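First the structure, in the form of structure tokens, and then the observations on it.
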Amino acid sequence: METVLTIDGPSGAGKGTVSRLIAGELGWNYLDSGAIYRALALEITEKDIEHGSIEGIVEAALAMDLRFECGEERAVLLNGNDITDLLALESTGNTASKIAAIPEIRAALLQKQHDFLQAPGLVADGRDMGTVVFPDAKFKVFLTASAEERAQRRYKQLKLKGIDANLAAITADIQERDQRDSERQISPLVPAVDAVYIDSSAMSIQDVVKEVLSLVR
Ligand code: DC
């Protein structure tokens with residue numbers, strides 16, 4: 001069985017950057033499960049499927065052709081179209097968080113996530129990787145940071161990408177999303193009982209990577 005390292009935590013905790021660096025370092029595959037929820041959010045917006053139409057969303061989830069290309073720059077293709085930039089929008093994350101609270105939709109996306117489990121190993125980044133999607137993972141991390149710190153990081157990230165951003169709006173957004181992701185009935189954002197808890201508020205990315213790598217090695 002391939003080795004799995006799960007990295008769960010709230011949005012903006014640095015999971016994506018840390019997971020990518022660790023996957024690169026170990027030569028393992030990388031699953032960005034949030035991108036799958038985000039891609040589905042874009043798909044239903046594009047196809048004008050109502051947020052309340054669970055059946056329609058499940059159908060779209062099963063039918064979407066989603067590809068992750070790992071070249072020099074990571075690209076995500078949805079039905080052949082490059083959606084990399086659209087994935088990063090706050091509005092996409094918000095819709096993703098809303099549809100992610102629906103059990104049927106989570107179930108429909110499970111197989112797509114399990115498909116990433118290939119030799120030699122997998123770094124799985126999300127909210128329920130260690131609790132639901134890969135409960136038997138050998139290594140589990142719960143990575144978090146204060147809401148203020150996460151908002152600052154998200155703000156800088158968006159600015160760097162040339163996307164217009166407002167810190168107060170991002171902070172409010174992050175708090176709203178945290179609450180929705182943590183309080184939902186199904187697969188809420190909670191640390192797995194066997195996860196190592198890391199608060200990265202006062203840590204650099206390199207420090208976090210070092211700490212996680214020391215667990216695995
Ligand atoms: O990690 P992210 O910000 O890209 O995720 C976007 C939303 O998708 C997040 O607010 C909740 C949902 N999500 C989830 O419910 N479960 C996951 N494993 C990953 C993301």
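Remember, predicted model here, so these are calculated numbers, not experimental data. Just so you know, ligand 1 is whichever comes first in the structure, and atom 1 is the first atom listed for that ligand.
A donor-acceptor pair is defined here as one N or O able to donate and one able to accept, closer than 3.5 Å; no such pair exists between the side chain of R38 and the backbone of T92. For the pair K140 (side chain) and D194 (backbone), a donor-acceptor distance under 3.5 Å is absent.
Interface of A100 with ligand 1, defined as ligand atoms under 4.0 Å from a residue heavy atom, comprises 12 (C), 15 (O). Atoms of ligand 1 lying under 4.0 Å from at least one heavy atom of G126, given by number and element, are 18 (N). For ligand 1, the atoms closer than 4.0 angstrom to any heavy atom of M129 are 18 (N).
Between Y197 and F142, the ring planes are parallel. Angles under 30° get that label, and only those over 60° would be called perpendicular.
Among all protein heavy atoms, the one lying closest to atom 19 (C) of ligand 1 is S33 OG, 3.4 Å. At the top of the distance list for atom 10 (O) of ligand 1, counting protein heavy atoms only, stands D181 OD2, 2.9 Å. Of the protein's non-hydrogen atoms, the one nearest atom 8 (O) of ligand 1 is Y37 CB, 3.6 Å. Looking only at protein heavy atoms, the nearest one to atom 20 (C) of ligand 1 is G34 CA, 3.6 Å. The nearest protein atom to atom 7 (C) of ligand 1, hydrogens excluded, is given as A96 CB, 3.8 Å; this is a heavy-atom distance.
Shown here is E59, whose CD atom has no more than 12 heavy atoms of other residues, nucleotides or ligands within 6.0 Å. Other residues, nucleotides and ligands contribute only 12 or fewer heavy atoms inside 6.0 Å of the CZ atom of R67. Within a 6.0 Å sphere centred on CD of E2, heavy atoms belonging to other residues, nucleotides or ligands number more than 12.
One distance of note links CG of L40 with CG of L78; it measures 9.0 Å at 0.5 Å rounding. To the nearest 0.5 Å, the span separating CD1 on I7 from CZ on F139 amounts to 12.0 Å.
Checking only distances, R177 does come within under 3.5 Å of ligand 1, N or O to N or O. At least one N or O atom of D128, backbone or side chain, sits closer than 3.5 Å to an N or O atom of ligand 1.
With a heavy-atom cut-off of 4.0 Å, R127 touches ligand 1 through backbone and side chain alike. If you look at R106 next to ligand 1, the close heavy atoms, those under 4.0 Å, all belong to the side chain. Looking at R184 against ligand 1, only its side chain comes within 4.0 Å, counting heavy atoms.
Between atom 2 (P) of ligand 1 and the options Q113, K15, R38, E176, the minimum heavy-atom separation is to R38.
One finds no salt bridge joining D173 and R154 here, because no Lys/Arg side-chain nitrogen approaches an Asp/Glu carboxylate oxygen to under 4.0 Å.
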